[in-house]
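Here the structure is laid out as structure tokens; the discussion comes afterwards.
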Amino acid sequence: MKLRVHHRTEYVYENPVTQSVNELRLQPPSTKAQVCLSSFISVLPPTRLLHYHDLFRNTVHRFEIPEAHGRLVVESRCTVEKHAEVDFKDLPYGSSHDDLPYCRRLLECHEFLQGSFFVELSPEVWRQAIDVRDESTDVFQTAYAIMQHIFENYQYDAGATNVSTHANEVFVSRKGVCQDFAHVMLGMCRSLGIPARYVSGYFLDNTRGSQMRGSDASHAWVEVYLTAQNGWVGLDPTNNQVVDDRYIKLASGRDYRDAAPIEGTYWGGGGTRLRVLVTVDQITMG
């Protein structure tokens, strides 16, 4: 399946700003589940984009606009060919909790077993995770139960949080959006010794009837590490489903701070109006 994404972000400032410095993680990587066929990023006011790979192998585009400007537009277009991430006829059960201590010796898992900027491994989170795990001895079954618990017990409320909200606040209020639910799931999984990482991206909402939550903007979910054979498997606590070929991965990291699609700073400005448009379409093969 081929998917096409258009992501447009516009900042309008009350007063002109200067010294705008930004990092973009808007270019999808090519993985075993997806191939990035094309990616184009533009910025207004026009400026030069530099790119590099960060510690988590995400492609980062960086730019600076030193002169005064009252508006910033970042636009990204990409085309991705997707493949099934998980065989739904044979879900990846069979990884035991008894094998989790081995993950601490794996370089690709170590960072995703610790607390991070938005995620604290507190006793309260651990106790909740233990209750949700119940008597499960299977890692995938436990992670799935945590995802389901968040979906059933947390309220999707776009006005309850912002990009700076810590997982501890969401754990108490039980309100938030995809970023917040991913952070809570990270804390619960890591508290049980399950390697879990934050993923930013998009998904194609081709459901009939009720709309999937979070389909009108960039999305976030969690990947948990099972075994060397199964690797990382994605789970979406916002929509209570295993990540499939409708999802496009942009970046991953310990939490939102490592994988934010757009992040930056500037001087001045006062108030800021933000407009975000995301469309994901399936390309029909002729």
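Positions are given from 1 along the sequence.
In this structure, M185 is a member of the same hydrophobic cluster as L226, with clusters built from ILVMFWY side-chain heavy atoms closer than 4.5 Å. Hydrophobic clustering (ILVMFWY, side-chain heavy atoms < 4.5 Å, transitive): V233 and F151 are in distinct clusters. Residues L37 and F40 fall into different hydrophobic clusters, defined by Ile, Leu, Val, Met, Phe, Trp and Tyr side chains chained together at heavy-atom separations under 4.5 Å.
Residues meeting the side-chain contact (heavy atoms from CB on, under 4.5 Å) test with T47, sequence neighbours left out: V43, F63, I65.
Put simply, the side chain of P237 does not reach to within 4.5 Å of the side chain of V184, judged on heavy atoms. At least one side-chain heavy atom of T59 sits under 4.5 Å from a side-chain heavy atom of H53. No side-chain heavy atom of N58 sits under 4.5 Å from any side-chain heavy atom of P29. Counting only heavy atoms from C-beta outward, the side chains of V177 and T238 never approach each other to under 4.5 Å. Annotation: side chain of H83 is in contact with side chain of E81 (closest heavy-atom distance under 4.5 Å). Taking 4.5 Å as the limit, some side-chain heavy atom of P195 sits within range of a side-chain heavy atom of L100. Counting heavy atoms from C-beta on, the side chains of Q19 and P66 come closer than 4.5 Å.
The existence of a salt bridge linking R246 and D244 is confirmed by a sub-4.0 Å separation between a basic side-chain nitrogen and an acidic carboxylate oxygen.
For the pair R190 (side chain) and A196 (backbone), a donor-acceptor distance under 3.5 Å is present. Although no hydrogens or angles enter the test, the distance criterion places no donor-acceptor pair under 3.5 Å between the side chain of R104 and the main chain of G193. For the pair T18 (side chain) and A68 (backbone), a donor-acceptor distance under 3.5 Å is absent. Formation of a donor-acceptor pair under 3.5 Å by the H6 side chain with backbone atoms of R4 is not found in this model. Between the D138 side chain and the F140 main chain, a donor and an acceptor come within less than 3.5 Å of each other. Between the side chain of D131 and the backbone N or O of Q128 there is no donor-acceptor pair closer than 3.5 Å. Between the side chain of N162 and the main chain of S164, a donor-acceptor pair closer than 3.5 Å is present. Checking side-chain atoms of E111 against main-chain N and O of R254 turns up no donor-acceptor pair under 3.5 Å. For D245 (side chain) and K82 (main-chain N/O), no donor-acceptor pair under 3.5 Å exists by modelled atom type. Judged by distance alone, the side chain of H97 and the main-chain N or O of L192 form no donor-acceptor pair under 3.5 Å.
Side-chain contact annotation: T142 with S136, donor-acceptor N/O pair under 3.5 Å present. A donor-acceptor contact closer than 3.5 angstrom links the side chains of Y247 and D236. In summary, the side chains of T272 and Y266 do present a donor paired with an acceptor at a separation below 3.5 Å, with no hydrogens or angles considered.
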Intermediate values then yes/no, side chain to side chain contact (heavy atoms under 4.5 Å, CB included), V80 and V5: CA-CA 8 Å; V80 176; V5 180; 5.9 Å; no

Y154 and K175: CA distance, side-chain angles, deciding distance, side chain to side chain contact (heavy atoms under 4.5 Å, CB included) verdict: CA-CA 6 Å; Y154 286 66; K175 294 181 180 180; over 6 Å; no

Derivation and outcome, side chain to side chain contact (heavy atoms under 4.5 Å, CB included), residues V224 and V139: CA-CA 9 Å; V224 296; V139 177; 5.6 Å; no

Derivation of the side chain to side chain contact (heavy atoms under 4.5 Å, CB included) call for Y225 and R197: CA-CA 9 Å; Y225 186 84; R197 65 188 183 189; over 6 Å; no

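Applying the side-chain contact (heavy atoms from CB on, under 4.5 Å) test between L24 and each of V60, T9, V74 identifies V74 as the sole match.
When all heavy atoms are compared, the tightest approach of M188 to A129 is O-CB, 3.5 Å. Among all heavy-atom pairs drawn from Y198 and A220, the shortest one is OH-CB, 3.3 Å. In terms of heavy-atom proximity, Y202 sits nearest to H7 at OH-ND1, 2.7 Å. A pairwise comparison of heavy atoms in L121 and L113 identifies CD1-O, 3.6 Å as the closest pair.
Heavy atoms of other residues, nucleotides or ligands lying less than 6.0 angstrom from OH of Y93 number more than 12.
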